[in-house]
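Numbers here simply count residues along the sequence, with the first being 1. Keep in mind the model is a prediction, meaning the values are calculated, not measured.
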Amino acid sequence: MKNRQLKRSHAPIFWGLFGAGGMLAALFGPMLVAITGFAAPLGWLPAKAASYQGALALAQSLTGKLVLWGLISLLLWHAAHRIYHSLHDVGVHGGPLAKALTYGVAAAGTLAAMWLLAGI
């Protein structure tokens with residue numbers, strides 16, 4: 001028997017980010033849509049719950065920045081992985097270019113979110 005070396009892959013990293021983002025999308029997505037899409041505009045929330053000052057206070061705290069950055073970045077990585085594999089499923093085999101574009105947008109969005117949250 002020959003000693004074969006296994007080829008290393010970056011796929012587990014992307015699948016892990018996809019899974020974490022999918023979990024957050026499933027758990028928090030409907031709640032965010034309900035709060036920002038229905039409850040706040042229809043006045044179902046207390047006045048301070050959906051105020052600009054409350055959102056700013058969340059974004060200014062270190063814990064709030066980390067939570068917002070984690071939510072934004074994991075949702076971006078989930079979307080990038082889903083789009084990449086959906087392109088493949090519909091017959092668009094872009095190869096390295098499609099991978100670079102989809103994951104590149106997620107990486108750029110992650111860095112932009114970090115930079116913007118750091119500036120608040």
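Contact detail for Thr102 and Ala80: the closest heavy-atom pair is O-CB, 3.3 Å. For the pair Gly37 and Pro41, the tightest heavy-atom approach, listed with the atom from each and the gap, is O-CG, 3.6 Å. Closest approach of Pro30 to Ala26, counting heavy atoms only: CD-O, 3.5 Å. Of all the heavy atoms in Leu75 and Gly21, the pair that sits closest is CD2-O, 3.5 Å. Nearest approach of Gly70 to Leu24, heavy atoms of both residues: O-CD1, 4.2 Å.
The stretch residues 34-55 participates, sequence neighbours left out, in no side chain to side chain donor-acceptor pair (under 3.5 Å) pair at all.
Between the CG atom of Leu87 and the CZ atom of Arg82 there is a distance of 12.5 Å, given to the nearest 0.5 Å. Atom CG of Leu117 sits about 11.0 Å away from atom CD of Gln60, to the nearest 0.5 Å. The CD1 atom of Ile120 sits 11.0 Å away from atom CH2 of Trp115, with the distance rounded to the nearest 0.5 Å. The line from CG of Leu111 to CH2 of Trp69 is 8.5 Å long, rounded to the nearest 0.5 Å. With rounding to the nearest 0.5 Å, the separation of CZ in Phe14 from CG in Leu17 is 7.5 Å.
At most 12 heavy atoms of other shown residues, nucleotides or ligands fall within 6.0 angstrom of atom NZ in Lys99.
Connection of Val33 to Leu27 is not established within any shared hydrophobic cluster, with ILVMFWY side chains joined at heavy-atom distances below 4.5 Å, either directly or through further cluster members. Phe28 and Trp77 fall within a single hydrophobic cluster, where Ile, Leu, Val, Met, Phe, Trp and Tyr are joined by side-chain heavy atoms under 4.5 Å apart, directly or via other members. Leu71 and Leu74 fall within a single hydrophobic cluster, where Ile, Leu, Val, Met, Phe, Trp and Tyr side chains are chained together by heavy-atom contacts under 4.5 Å. Note on Ile83 and Leu97: separate hydrophobic clusters, where clusters join Ile, Leu, Val, Met, Phe, Trp and Tyr whose side-chain heavy atoms are under 4.5 Å apart, directly or indirectly. Residues Leu56 and Leu68 are members of one and the same hydrophobic cluster, defined by side-chain heavy-atom contacts under 4.5 angstrom among Ile, Leu, Val, Met, Phe, Trp and Tyr.
In this structure Phe18 satisfies the ring-ring contact (aromatic ring centres under 6.0 Å, His included) test together with Trp15, His78, His81, sequence neighbours excluded. Taking His88 as the reference, His93 meet the ring-ring contact (aromatic ring centres under 6.0 Å, His included) condition, with sequence neighbours excluded.
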